[in-house]
Amino acid sequence: MPMHDDPIPAGQLRLEVKSCRSARFARIASSSGDCRGAFTAVRFSPPPIPSRRGHSVRRRRLVRRGRALRHRPISPAASPIRSNTYLPCPIVSLVLPPHRRAHYSCTPPPRHHHLRKASKNRFFPQTPPKLPPNSPAKLEAPMRLLRLLLLLVAAVGLARGSDDPFLSGAPANHSYNIDCGGAADFTSSFGRRWLADQFFSAGGAAGMVAEPHRFPQPQERTLRFFPPSSAGKSSCYSLPLPPGRYYLRLFSVYDNYDSKLRTPSFDVSAAATLVLSFRSPWPEPASRYGAYSDLIFPSATSPTSDICFYSLSTDAPVVASIEVAPVHPLAYDGATTGADLILVNYGRLTCGNNLFGPGFTNDSDAFSRVWQSDVDFRNNDLSYDAITAGGRKIFGSNQPPNYFPTKLYRSAVTTGGDASKEIEYIMPVDTRMSYMVWLHFAEIDAGIGAPGQRVFDVMLAGKNVTRIDIFKQVGGFTAFKWTYIVENLTSSTMSVKLVPVVGRPILCGLENYAMVPLEMRTIPNQVAAMKALKDSLKIPARMGWNGDPCAPRTWDAWEGVTCHRKDKGLVITQLDLGSQGLKGYITDEISHLTDLVSLNLSYNSLTGSLPQGLGQPSIVTLDLSSNQFTGSIPGTIGSSKLQTALLNSNQLDGQVPERLYSIGVHGGVIDLSGNKGLCGVPTLPACALFWEKGGLNKTGKIALGASLGFLLIVILIVVYILCIRRGPYDYDFEFPQDLTSISAISAKRNRYQRAKSVMLAEMEAHNPDGYYTNGGTH
């Protein structure tokens, strides 16, 4: 599968209208004939697609095929869409006239399917044969039932214990239905929880459509727009999404909300990749009723994923609702394409049925996909009949990883009239991209009971790519999916044709996704650093610092930011934010901009000290002049590549690092004027040894600390000798009070000598012989 290296040029995409059935409206009716509506297909693509003039759908007589199934002619039944255009990014729109917008009054035509009792009895005999009481066959039946129950219980336990998020119910934790411009949460008529407007970037404003009565759902009436004068050229919704794959649906409407009678031009990106373009003027249905667009995208590795809107000229991007739901990581061949591609919906069709899906009907879809009626994509030179499963159960649907809904396989189209005719759909495409086509089948004709009874070839863009026998593949009433990647298209439309080989071809659904390669993004740690700078520098909203700093490459980087491409991703090489009225400070997170070559923050009102992170080895030009920075200059500033350092007109002090001043000696440019506290280089005053600016400098503080430390050590030594080390029987030396007096020195004899003299005198007094006997006799 080829990958596209170049992004889609934004200026070449435009909005077009392809009318069906008539110049503007199509007459559509249910089997009761009382529901009418209008259908318009809208798409974005570089070259104009020739309008296919619709023909009135010919009503055909009911044809009974086999004894088990009857076909009914398919009329362009009104898709039960409420109020607007459904634009599955970038192609399809459905529009209903105003008087049919508020309610789903159109009901699907009645089914005309009658299953034979014989066919039913073939699987479940109504009168089973009687068996002897002790017959092994009779005992085998309960055992089979028991084994079946055990397998069922094991399967349920496996499902509960599985880490598949779509079995555990976890996806709801990361689903968002945002009512853009809405002020309060609410629950829709379809039971969906809608959040008040949140997660949007600054600078935008909330609005209301001009004619709210034409929009029955609250999320369709309110909107958020982003004037470039206050919001900048890029504005985003930053959704807290963990890494994974997500289904995104946007609803955009103009309806003259600003009374300017001019629809805006803007682009939309997801995962930093351009995915949608709106160009003025919008088609009347899209402008008046709105347009839906959807795609499947991988979220970023950061805690949030950005859905961004880019203004063209002075136009304000506008969005009415944003819906995001998780998609299984392996869905749509995600094992090989999920991390590198965005799948943009160029047509998701249900054949022989009306539009259905969350938010439009009460039908469920695990990924919140909406399936649109196929009527306006058919080759109307051919005839079609619709068939249904007649209430029979469909096996193999709603299974991981794609979770295709069961309702998709309960209806199908086949050829009407001549059995040799084929089924053909005309899908609009962009020749610059490859397409992932999914075809959905189920043999829902009970009259087909063996392989080889229905065989047909699949032709895509005129190429025969496969032959399909549904019953041979999966049997009857079982979902069967087939996918193929179409490349190297040369026309603005792609033919999807089923050519009969044996019997009539049948088709339940069709999906066509443009495979848009992800654009290279800014490396994550530099994105985090730029967002930290945005907060610390207090970047105004008018500068539009939202989304990825460097991507998509179709648009310029953030205002004042220059990026370059490296193997690891896009990197920031230059910040030019001079004279922007900034009033914050420089965060040390700037150290993560390891490829920064030039930094200009001059003529602002930035305060605080200079961070150590400014000493990037890559930096060549540093201009921080005319601000209010304080403190000393970090010793890290002054790399070998630095050629220009302008720090003048600040409030810096202290000694200038020698490595910084050396750039002037070696031919570089350095300006430190206007900082009264700087010193230590030839062009500045000499730095005092211990004193500066009325107080101790760094050297003085170090010296004072060292002196106090030495004095404390001496005191501790003296205390140790006098109070701790001396024992109770140590000699008591005392210094004489009068060192000039010999008598005084004699009087200060050792205490031990005095005590000895007294003891000898007492002994002589008790014993004339000079011996002490303690009262005893010899």
Side-chain angles (χ1 to χ4, degrees), residues 15-28 35-44 76-106 179-182 188-190 194 207-225 249-266 268 276-294 317-323 345 354-357 359-361 370 372-373 375-376:
L15 184 63
E16 301 173 355
V17 179
K18 178 185 60 177
S19 300
C20 301
R21 304 291 182 266
S22 66
R24 179 178 176 187
F25 294 105
R27 181 182 184 276
I28 47 182
C35 182
R36 299 175 183 273
F39 182 102
T40 304
V42 181
R43 70 181 294 270
F44 297 93
S79 299
I81 188 169
R82 293 184 302 281
S83 62
N84 30 41
T85 304
Y86 187 77
L87 183 88
C89 167
I91 50 169
V92 184
S93 311
L94 292 180
V95 179
L96 289 181
H99 68 282
R100 290 296 182 187
R101 293 167 57 80
H103 304 285
Y104 293 92
S105 57
C106 295
D179 176 19
C180 302
S188 72
S189 58
F190 296 102
W194 286 85
M208 177 76 70
V209 295
E211 300 182 69
H213 63 276
R214 288 191 282 142
F215 300 86
Q217 297 297 327
Q219 74 272 12
E220 300 172 342
R221 304 170 195 152
T222 58
L223 52 86
R224 177 163 291 275
F225 61 98
R249 182 162 66 224
L250 302 176
F251 177 59
S252 299
V253 63
Y254 176 66
D255 194 39
N256 198 31
Y257 76 92
D258 56 0
S259 302
K260 294 182 179 180
L261 297 175
R262 183 182 182 278
T263 53
S265 296
F266 60 92
V268 183
L276 280 174
S277 291
F278 290 81
R279 294 294 180 266
S280 183
W282 298 10
E284 173 65 19
S287 172
R288 189 174 180 85
Y289 299 108
Y292 279 94
S293 312
D294 73 64
V318 59
V319 60
S321 69
I322 297 176
E323 301 167 72
N345 178 17
N354 296 328
L355 177 145
F356 72 89
F360 293 87
T361 68
V370 172
Q372 187 176 356
S373 175
V375 172
D376 279 83

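Worth knowing before you read on, the calculation uses all heavy atoms, side chains too, and leaves out hydrogens, waters and symmetry mates. The residues of the chain are indexed from 1 along the displayed sequence.
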side-chain hydrogen bond (donor to acceptor under 3.5 Å, both in side chains) between Ser189 and Gln217, intermediate numbers included:
CA-CA 8 Å; Ser189 58; Gln217 297 297 327; 3.1 Å; yes
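- In this structure, the separation between CD on Glu220 and CG on Asp179 is 10.0 Å, given to the nearest 0.5 Å.
- The two residues Gly182 and Thr222 come nearest to each other via the heavy atoms N-OG1, 3.7 Å.
- Here the closest non-hydrogen pair linking Leu355 and Phe360 is CD2-CB, 3.5 Å.
- Using modelled atom types, no side-chain atom of Asp255 and backbone atom of Gly290 make a donor-acceptor pair closer than 3.5 Å.
- Remark: Cys180 SG to Trp194 CH2 distance equals 8.5 Å, nearest 0.5 Å.
- In this pair, Phe278 and Phe266 present their aromatic rings parallel. The plane angle is below 30°, not in the 30 to 60° band.
- Inter-residue side-chain proximity for Tyr257 and Val318 is flagged as met; some heavy-atom pair is nearer than 4.5 Å.
- A 4.5 Å side-chain heavy-atom check between Arg214 and Val209 finds every atom pair outside the cut-off.
- Contact check for Leu250 versus Val268: side-chain heavy atoms found under the 4.5 Å cut-off.
- For the side-chain contact (heavy atoms from CB on, under 4.5 Å) test, residues two or more places apart in sequence or in another chain that qualify with Thr263 are Tyr254, Ser280, Pro281, Trp282, Ser287.
- Here Ser252 pairs with nothing under the side chain to side chain donor-acceptor pair (under 3.5 Å) rule; sequence neighbours left out.
- Heavy atoms only, all atoms of each residue included: Arg249 and Val370 are closest at NH1-CG2, 2.8 Å.
- By the side chain to side chain donor-acceptor pair (under 3.5 Å) test, Arg224 pairs with Asp197, sequence neighbours left out.
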